[in-house]
Peer 1: 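Let me give you the structure first, and then I'll get to my questions.
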Protein chains: 2
Amino acid sequence: MSAVTIGEAARATGVSAKMIRYYEETGLLAPAGRTAAGYRLYTEADLHALRFVRRARDLGFTMEDIRALLALWHDRARASAQVRRLALDHVADLRRRIDALDGMARTLEDLAAHCGGDARPDCPILDDLASGPHGRPGATPRQGERDPGASPSRRGTR
Amino acid sequence: MSAVTIGEAARATGVSAKMIRYYEETGLLAPAGRTAAGYRLYTEADLHALRFVRRARDLGFTMEDIRALLALWHDRARASAQVRRLALDHVADLRRRIDALDGMARTLEDLAAHCGGDARPDCPILDDLASGPHGRPGATPRQGERDPGASPSRRGTR
DNA sequence: CTTGACCTTCCCACCATGGGAACCCCCACA
DNA sequence: TGTGGGGGTTCCCATGGTGGGAAGGTCAAG
């Protein structure tokens, strides 16, 4: 007993029922038990795992990362170094994305600072945009230049 | 004359042919001219617009934002204040995302700092994850707290 | 005339998430 | 016993930008 349905599990863990099914479907979580009628049932241990996933998502981990973290969690003989590695790699990723966003923000602030922001049409922001993709002329000088080996489709880190 | 095909336009602007077609399809850019055989043709003005879009994407603007920026660009009577507003709103958005990412990074760094990172299995990082979604108990105290009015489905800002 | 580089359209995939339809199940209440 | 409502189930679709690839038309050089 003490197993709950998916709705209650969702409420108890902050993971939507949709996502719980999705996690099961993609093999992130083991298939839940079922009632005779086909309803999914979640034990306290299942809820624990769901909260684990929720927390990891909140910390920005990828599903792939979470898969690894769950495996380590269940492996009672793991070396904490492995977990640490995963966490710090993720931090590095976060910092990279932060830097990218920060560069954008700085550039825009620079441009906005030189923009009248009044009723006249002259606008250095548009002028900059219209000047096309340039290797950041003034703001935030860096040397990476076009970042050839960046992971696919993450330009804006959006 | 002096109009080029989509491949050359892509090379000249740094926007992939795929994306050029996509921008046209979604109405971000006006349909390009065509040769008798149906090949798209790009004038210097078209290339200019493509570079504009590229630059705006590099600065992290949404397609929606870019739509507005293009309209302002083409409106020779625009008030620069409008452009400035758009830019600064976007900066605020960037800063919000940065804060979120930074919070995650800090938390993880905190946890990693207390993790042995050796061959033993004890690991505060996993312990934290296993403790489920909590309102950041120790690490990185801030007051934003769960950000109730945040735009939908951007938890991790990923 | 063939070859190869280019163009066209169309469909599929990603990742994580939500929306909704169509249908089934269970419980409480009259 | 019938019914209503609030669950659950599966399945499909959409998002935002981006890439991959197939099937077929076009063009210039050899």
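Lettering of chains follows the sequences in order, A, B, ..., and the numbering in each one begins at 1.
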Peer 1: Does A:Thr5 have a side-chain nitrogen or oxygen under 4.0 Å from the phosphate oxygens OP1 or OP2 of D:dG8?
Peer 2: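 For D:dG8, OP1/OP2 do have a side-chain N/O of A:Thr5 under 4.0 Å.
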Peer 1: If you compare every side-chain N and O of B:Thr62 against the phosphate oxygens of D:dG16 (OP1, OP2), does one of them come in below 4.0 Å?
Peer 2: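 So the side-chain polar atoms of B:Thr62 never come under 4.0 Å of the phosphate oxygens OP1 or OP2 of D:dG16.
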Peer 1: Using atom OH of A:Tyr22 as one end and atom P of D:dC12 as the other, report the distance to the nearest whole Å.
Peer 2: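 Distance check: A:Tyr22 OH to D:dC12 P gives 16 Å.
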Peer 1: To the nearest angstrom, how far is A:Glu24 atom CD from D:dT9 atom C1'?
Peer 2: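 In whole Å, D:dT9 C1' lies 12 Å from A:Glu24 CD.
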Peer 1: Going by the ring-ring contact (aromatic ring centres under 6.0 Å, His included) test, which pairs reach into residues 79-105 of chain A, not counting sequence neighbours?
Peer 2: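 Applying ring-ring contact (aromatic ring centres under 6.0 Å, His included) to every pair that reaches into residues 79-105 of chain A, excluding sequence neighbours, yields A:Phe61-A:His90.
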Peer 1: Specify the separation, in whole Å, of atom CD1 of A:Ile6 and atom C1' of D:dT10.
Peer 2: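 Distance check: A:Ile6 CD1 to D:dT10 C1' gives 12 Å.
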Peer 1: If you check every side-chain atom of A:Arg21, which of D:dT9, C:dA16, C:dT9 has the closest atom?
Peer 2: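 Out of D:dT9, C:dA16, C:dT9, the nucleotide with an atom closest to A:Arg21's side chain is D:dT9.
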Peer 1: Classify the side chain of B:Lys18 versus the base of D:dG21 as yes if they form a donor-acceptor pair under 3.5 Å and no if they do not.
Peer 2: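 It does, because a donor-acceptor pair links the side chain of B:Lys18 to the base of D:dG21 below 3.5 Å.
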Peer 1: Using atom OH of B:Tyr42 as one end and atom C1' of C:dC6 as the other, report the distance to the nearest whole Å.
Peer 2: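 Going from B:Tyr42 (OH) to C:dC6 (C1'), I get 14 Å.
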Peer 1: What's the closest nucleotide to the side chain of B:Met63 if the choices are D:dG17, C:dT9, D:dT10?
Peer 2: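 Among the listed nucleotides, the one closest to the side chain of B:Met63 is D:dG17.
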Peer 1: For residues 7-15 of chain B, tabulate all N or O donor-acceptor pairs below 3.5 Å that involve a side-chain atom, not counting sequence neighbours.
Peer 2:
residue : atom : partner : partner atom : Å
B:Glu8  : OE1  : B:Thr5  : OG1          : 3.3
B:Thr13 : OG1  : B:Ala9  : O            : 2.8
B:Thr13 : OG1  : B:Val15 : N            : 3.3

Peer 1: On the 0 to 90° scale, with breaks at 30° and 60°, tag the B:Trp73-B:His48 ring pair as parallel, tilted or perpendicular.
Peer 2: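 Judged by the thresholds at 30° and 60°, the geometry between B:Trp73 and B:His48 is perpendicular.
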Peer 1: Whole angstrom is fine here: how far is it from CG in B:Leu41 over to P in C:dC6?
Peer 2: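 That distance rounds to 16 Å.
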Peer 1: Below 4.5 Å, heavy atoms only, C-beta onward: do B:Leu41 and B:Asp46 meet side chain to side chain?
Peer 2: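 No, side chains not in contact.
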Peer 1: Does a side-chain heavy-atom distance below 4.5 Å link B:Tyr22 with B:Met63?
Peer 2: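 With C-beta onward as the side chain, the pair touches.
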Peer 1: If a protein heavy atom is under 4.0 Å from the base, mark B; if only from the sugar-phosphate, S; if neither, -; do that for nucleotides 23-30 of chain D going 5' to 3'.
Peer 2: --BBS---
Peer 1: Please confirm whether the shortest side-chain N or O distance from B:Arg54 to OP1 or OP2 of D:dG17 is below 4.0 Å.
Peer 2: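 No, no such contact exists.
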Peer 1: Once you round it to whole Å, what is the distance between C1' of D:dG16 and OH of B:Tyr23?
Peer 2: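 Taking OH of B:Tyr23 and C1' of D:dG16, I get 11 Å after rounding.
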Peer 1: I need the CZ-C1' distance between B:Arg40 and C:dC7, as an integer number of Å.
Peer 2: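 So the CZ-C1' distance, B:Arg40 to C:dC7, works out to 9 Å.
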Peer 1: Tell me whether A:Asp58 is salt-bridged to A:Arg54, with the criterion being a basic N under 4.0 Å from an acidic carboxylate O.
Peer 2: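 The answer is yes: the pair qualifies as a salt bridge.
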Peer 1: Whole angstrom is fine here: how far is it from CG in A:Leu28 over to P in C:dT17?
Peer 2: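 From A:Leu28 CG to C:dT17 P: 10 Å.
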Peer 1: Please find the pair of heavy atoms, one from A:Ile6 and one from A:Arg21, that lie closest to each other, and give the distance.
Peer 2: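 Heavy atoms of A:Ile6 and A:Arg21 come nearest at CD1-CG, 3.5 Å.
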Peer 1: Among C:dT17, C:dT8, D:dG17, which is the nearest nucleotide to the side chain of A:Arg57?
Peer 2: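 The answer is C:dT17.
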Peer 1: Counting heavy atoms from C-beta on, name the nucleotide in D:dG19, D:dG7, C:dA16 closest to the side chain of A:Arg11.
Peer 2: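 Nearest nucleotide to the side chain: D:dG7.
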